[in-house]
Amino acid sequence: QLQLVESGGGLVQPGGSLRLSCAASGRTFSSYAMGWFRQAPGNEREFVAAIRGNGGRTYYADSVKGRFTISRDNAKNTVYLQMNSLKPEDTAVYYCARHRTGWGTSVLEDYDYWGQGTQVTVSS
């Protein structure tokens with residue numbers, strides 16, 4: 001059973017930065033694309049970013065493009081989300097997830113394993 005464990009969330013002021021990490025168990029990490037999603041209270045879970053299994057291509061939601069960067073270290077079975085220029089509307093629980101293939105998409109239903117989430121709060 002694959003396990004995904006997120007870390008790095010917290011409270012940050014507007015304009016600040018955070019880096020989220022997601023550590024995965026298992027030996028086939030590089031075969032799968034990974035994604036980050038977020039869910040604010042009262043809202044549906046939404047796509048944030050994804051990265052192919054080999055790290056060769058990334059995808060971003062328009063709302064975070066230019067501010068967030070997804071990356072991965074396959075030797076460490078870890079995917080990261082660097083978040084800069086944070087805004088109050090970025091406040092949410094952030095989840096990492098494993099895609100069913102190595103390609104990656106923005107579609108929630110295409111992801112089959114999920115972490116427990118980490119809270120990010122952007123507030124002064």
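Position 1 is the first residue of the sequence, and the numbers go up from there. None of the values given here were measured: they were computed from a predicted structure.
- Around CD of E44, the count of heavy atoms belonging to other residues, nucleotides or ligands within 6.0 Å does not exceed 12.
- Side-chain contact between N77 and S25: absent, with no pair of heavy atoms (C-beta onward) separated by less than 4.5 Å.
- Nearest approach of V64 to V48, heavy atoms of both residues: CG2-O, 3.5 Å.
- T121 contributes no side-chain N or O that, together with a main-chain N or O of L11, makes up a donor-acceptor pair within less than 3.5 Å.
- Following chains of ILVMFWY side-chain contacts shorter than 4.5 Å, one cannot reach Y113 starting from F47, and the two form parts of different hydrophobic clusters.
- Of all heavy-atom pairs between E6 and C96, the closest is OE2-N, 2.9 Å.
- The CZ atom of R67 sits 12.0 Å away from atom CD of Q82, with the distance rounded to the nearest 0.5 Å.
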Next item on the list: Check step by step if side-chain contact (heavy atoms from CB on, under 4.5 Å) holds for M34 and F29.
Entry: CA-CA 9 Å; M34 297 294 295; F29 181 73; 3.9 Å; yes
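- Remark: S63 OG to D90 CG distance equals 7.5 Å, nearest 0.5 Å.
- Linking ILVMFWY residues whenever their side-chain heavy atoms come closer than 4.5 Å, directly or via other members, places I51 and L2 in the same cluster.
- Counted by atom type alone, N84 and S17 present one or more donor-acceptor pairs between their side chains at under 3.5 Å.
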Next item on the list: Begin with the C-alpha distance, continue with both residues' side-chain angles, and end with the deciding distance and a verdict on side chain to side chain donor-acceptor pair (under 3.5 Å) for R52 and Y59.
Entry: CA-CA 9 Å; R52 286 186 179 176; Y59 310 84; 3.0 Å; yes
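- Taking a cutoff of 4.0 Å between a charged side-chain nitrogen and a carboxylate oxygen, D62 and K65 qualify as a salt bridge.
- The two residues S30 and R72 have their closest heavy-atom pair at CA-NH2, 4.0 Å.
- Heavy atoms only, all atoms of each residue included: L4 and C22 are closest at CB-SG, 3.9 Å.
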Margin query: What verdict does the side-chain contact (heavy atoms from CB on, under 4.5 Å) test give for R45 and R38, after you've listed the backbone C-alpha separation in whole Å, the side-chain angles of each residue and the deciding distance to 0.1 Å?
Written below: CA-CA 5 Å; R45 195 169 296 189; R38 66 186 182 186; over 6 Å; no
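- Applying the ring pair (Phe, Tyr, Trp, His ring centres under 6.0 Å) test to pairs two or more places apart or on separate chains, those with a residue in residues 66-112 are F37-Y111, H99-Y111.
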Checklist line | From CA spacing to verdict: side chain to side chain donor-acceptor pair (under 3.5 Å), D110, T105 | finding: CA-CA 7 Å; D110 289 344; T105 64; 2.7 Å; yes
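- Under a hydrophobic clustering in which Ile, Leu, Val, Met, Phe, Trp and Tyr are joined whenever their side-chain heavy atoms come within less than 4.5 Å, directly or via other members, V12 and L20 fall into the same cluster.
- Summarising the local packing, CD of Q119 is surrounded by more than 12 heavy atoms from other residues, nucleotides or ligands at distances under 6.0 Å.
- P14 is listed as a side-chain neighbour of P88, based on a closest heavy-atom distance under 4.5 Å.
- By the 6.0 Å and 45° rule, R98 does not stack over the aromatic ring of W114.
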Checklist line | Residue pair I70, V79: steps toward the side-chain contact (heavy atoms from CB on, under 4.5 Å) verdict | finding: CA-CA 7 Å; I70 188 171; V79 61; 4.0 Å; yes
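- In this structure a side-chain-to-backbone donor-acceptor pair under 3.5 Å is present from T78 to K76.
- For N74 against N54, the heavy-atom pair with the smallest separation is ND2-CA, 4.4 Å.
- Here the closest heavy-atom approach between residue Y60 and residue T69 is recorded as OH-CA, 3.3 Å.
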